[in-house]
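This report refers to the structure that appears directly beneath it.
Sequence lines set the chain letters: A, B, ... in the order given, protein chains first and strands last, and positions in each chain run from 1. Just so you know, these numbers come straight off a predicted model, no measurement behind them.
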There are 2 protein chains.
Amino acid sequence: MVMQMTKTSIDRRVARTRATLHQTLMSLILKQGYEAITIRDICDAANVGRSTFYAHYTSKEDLMRSGIENLRQVLFDRQRDALATPGDLRHRSLGFSLTLLEHARDHIDLHRGLVGGGTVALGIIRQILSDVVRDEIAATGDKKSSDAIPRELVVQYVVGAYMAVLTWWLDRGAKPPPTEVDRMFRRLATDGILPHLAEGGSP
Amino acid sequence: MVMQMTKTSIDRRVARTRATLHQTLMSLILKQGYEAITIRDICDAANVGRSTFYAHYTSKEDLMRSGIENLRQVLFDRQRDALATPGDLRHRSLGFSLTLLEHARDHIDLHRGLVGGGTVALGIIRQILSDVVRDEIAATGDKKSSDAIPRELVVQYVVGAYMAVLTWWLDRGAKPPPTEVDRMFRRLATDGILPHLAEGGSP
DNA sequence: GCACAATTGGACAAGGTGTACGTTAATGGG
DNA sequence: CCCATTAACGTACACCTTGTCCAATTGTGC
């Protein structure tokens, strides 16, 4: 059907069909929301036969997944560079934050569709981010104290908090610049929330 | 159909039907997951006519929502008590955490169904928690400094982090006791994550 | 140019969704 | 205790989506 080992032999028709389907899905998400989209809708809007759709993807979720997977590469590449660069731990930790925020700013339509697009997209992004953060924590080493918090709990805590901030940012039109949101998120994560609530918090 | 002003005039048949539907939905969620459930499934398992279902609820989501709304009351009531009780700010902030964790422990089947149950349930819980946290922050007052972080961002940060922790806890069989998870979450939120990652973090 | 692969469009069965309506049975006030 | 009220039933209906199949057509790559 589509299986080819060499990268040179990707039929133009295949590439065109897949690209069209991805673009159409994203535009439809912005228009009517992910849940409300049917495979028929996608095919109609993309001018692609419904049989053709099933020749490439098994479901709406499948199409969505394949569209997001390239994001994983972007984040891992940038993180590898960041970890290789020497510098203060405080400044290089949580490095995915700025990367993803800028990626979102540069592909604002795509990301607004993703966060507005129901469970599937968010779930995939959460998965990717969890892997990234887990790697980062493993690289920086973790505390050995007796009352230590499970590493995975910290990962889920950070990812959950970040995705909530990202969603909030996108839902409000991505008004503040990425650098500022990045700064706020990292301060909350590193300093805790108390200094930002009560007037007499710790510095 | 059902509209009655006085609380005494709730037909037993109505109450019985609704309760049955709620119970059935929860048990089905545990069995096959929220998404895979059809209204037919619910009615068959509940021995309720499908027409009867539509006489009470408009959709699966509608049924789910009405089942979770009572949770809101529980959280708000407990929070009101907590805020009325004098004590150190550090100890009474984020009070919803223990409340919800214990509620989850006491209704473990229900909550495992909820977090496993797709977007809808999580979305409703997120909404409720956001309201609770927003109230709490408003009650404790917020920092007036110039570089302040938007209040709503803090709310979303906290709720996102908490729900991730809660989900993680439930997905792992709710092994550690609520008090311990509560302690870990609040320490992460108040102290930040750095002290729990690097060996040389701030106290 | 030619063999091959991809796309097309139509047809098909299976199954879910809402709605309508006449019938049956339970409820609760008088 | 009886009966008007009201919920529940179940059947039928039209409409839609899904997933699969196939023959015919079109576009590619060699």
Side-chain angles (χ1 to χ4, degrees), chain A residues 1-29 31-67 117-120, chain B residues 1-29 31-67 117-120:
Chain A
M1 176 187 303
V2 165
M3 291 293 99
Q4 288 286 358
M5 303 295 282
T6 57
K7 54 185 173 184
T8 59
S9 58
I10 295 179
D11 199 311
R12 293 177 185 176
R13 291 171 290 182
V14 174
R16 188 177 61 84
T17 299
R18 292 185 182 175
T20 303
L21 287 176
H22 280 129
Q23 293 169 359
T24 305
L25 175 61
M26 290 305 156
S27 69
L28 283 182
I29 286 177
K31 272 188 213 159
Q32 46 190 276
Y34 179 80
E35 309 289 352
I37 299 176
T38 71
I39 294 181
R40 267 195 141 83
D41 292 337
I42 302 173
C43 295
D44 288 352
N47 270 320
V48 166
R50 209 158 56 86
S51 346
T52 308
F53 179 96
Y54 285 107
H56 291 275
Y57 307 100
T58 65
S59 64
K60 201 171 53 166
E61 281 72 22
D62 192 26
L63 173 62
M64 181 66 113
R65 283 182 186 279
S66 77
T119 328
V120 190
Chain B
M1 176 187 305
V2 164
M3 290 293 101
Q4 288 285 1
M5 303 296 284
T6 57
K7 55 185 173 184
T8 60
S9 58
I10 296 180
D11 198 309
R12 295 176 183 176
R13 292 170 289 181
V14 174
R16 189 176 60 84
T17 297
R18 293 185 181 175
T20 303
L21 287 175
H22 280 128
Q23 294 169 358
T24 304
L25 174 62
M26 290 305 157
S27 68
L28 283 182
I29 285 178
K31 271 187 214 158
Q32 48 189 274
Y34 178 79
E35 308 289 352
I37 299 175
T38 71
I39 294 180
R40 268 195 142 84
D41 292 336
I42 302 173
C43 295
D44 288 351
N47 270 321
V48 166
R50 209 158 56 85
S51 354
T52 307
F53 179 96
Y54 286 107
H56 291 275
Y57 307 100
T58 64
S59 64
K60 200 172 54 166
E61 282 71 23
D62 192 26
L63 173 61
M64 180 66 111
R65 282 181 186 279
S66 78
T119 327
V120 190

What distance do [X] atom [atom1] and [Y] atom [atom2] have between them, rounded to the nearest 0.5 Å?
X: Ile42(A); Y: His22(A); atom1: CD1; atom2: NE2; value: 10.0 Å
X: Gln23(A); Y: Leu28(A); atom1: CD; atom2: CG; value: 11.5 Å
X: Met26(A); Y: Thr24(A); atom1: CE; atom2: OG1; value: 10.5 Å
X: Leu21(A); Y: Asn47(A); atom1: CG; atom2: CG; value: 11.0 Å
X: Leu63(A); Y: His56(A); atom1: CG; atom2: NE2; value: 11.0 Å
X: Tyr57(B); Y: Ile39(B); atom1: OH; atom2: CD1; value: 12.5 Å

Ignoring the backbone of [X], work out which of [options] is nearest its side chain.
X: Ile39(B); options: dA6(C), dA11(C), dG18(C); value: dG18(C)
X: Val48(A); options: dC9(D), dT8(C), dA8(D); value: dT8(C)
X: Tyr54(B); options: dT19(C), dT17(D), dG16(C); value: dT19(C)

Hey, does the side chain of [X] come within less than 4.0 Å of [N]'s phosphate (OP1/OP2), counting only N and O?
X: Ser51(A); N: dG9(C); answer: no
X: Thr52(A); N: dT8(C); answer: yes
X: His56(B); N: dA7(D); answer: no

(request) Determine whether any donor atom in the side chain of Arg50(B) lies under 3.5 Å from an acceptor atom in the base of dG10(D), or the reverse, and answer yes or no. (result) no
(request) For the helix from dG1(C)-dC30(D) to dG30(C)-dC1(D), figure out the bend between the end axes, five pairs an end, and round to 10 degrees. (result) 40°
(message) Tell me if a side-chain donor or acceptor on Lys60(A) pairs with a main-chain N or O of Tyr34(A) at a distance below 3.5 Å.
(response) yes
(request) Please answer whether the main-chain N or O of Ile37(A) pairs with a side-chain N or O of Asp41(A) as donor and acceptor at a distance below 3.5 Å. (result) no
(request) Look at all strands and tell whether Asn47(B) reaches a base, only sugar-phosphate, or nothing, counting heavy atoms closer than 4.0 Å. (result) sugar-phosphate
(request) Under 4.0 Å between any heavy atoms, over every strand shown, what does Thr17(B) touch: base, sugar-phosphate, or nothing? Just pick one. (result) sugar-phosphate
(request) Check the distance between dG18(C)'s P and Glu61(B)'s CD and give it to me in whole angstrom. (result) 9 Å
(request) For Phe53(B) and Cys43(B), work out which heavy atoms get closest and say how close. (result) CB-SG, 3.7 Å
Where do N or O atoms of nucleotides 22-27 of chain C meet protein N or O atoms at under 3.5 Å, pair by pair?
from    : atom 1 : to       : atom 2 : distance (Å)
dA26(C) : N3     : Arg13(B) : NH1    : 3.1

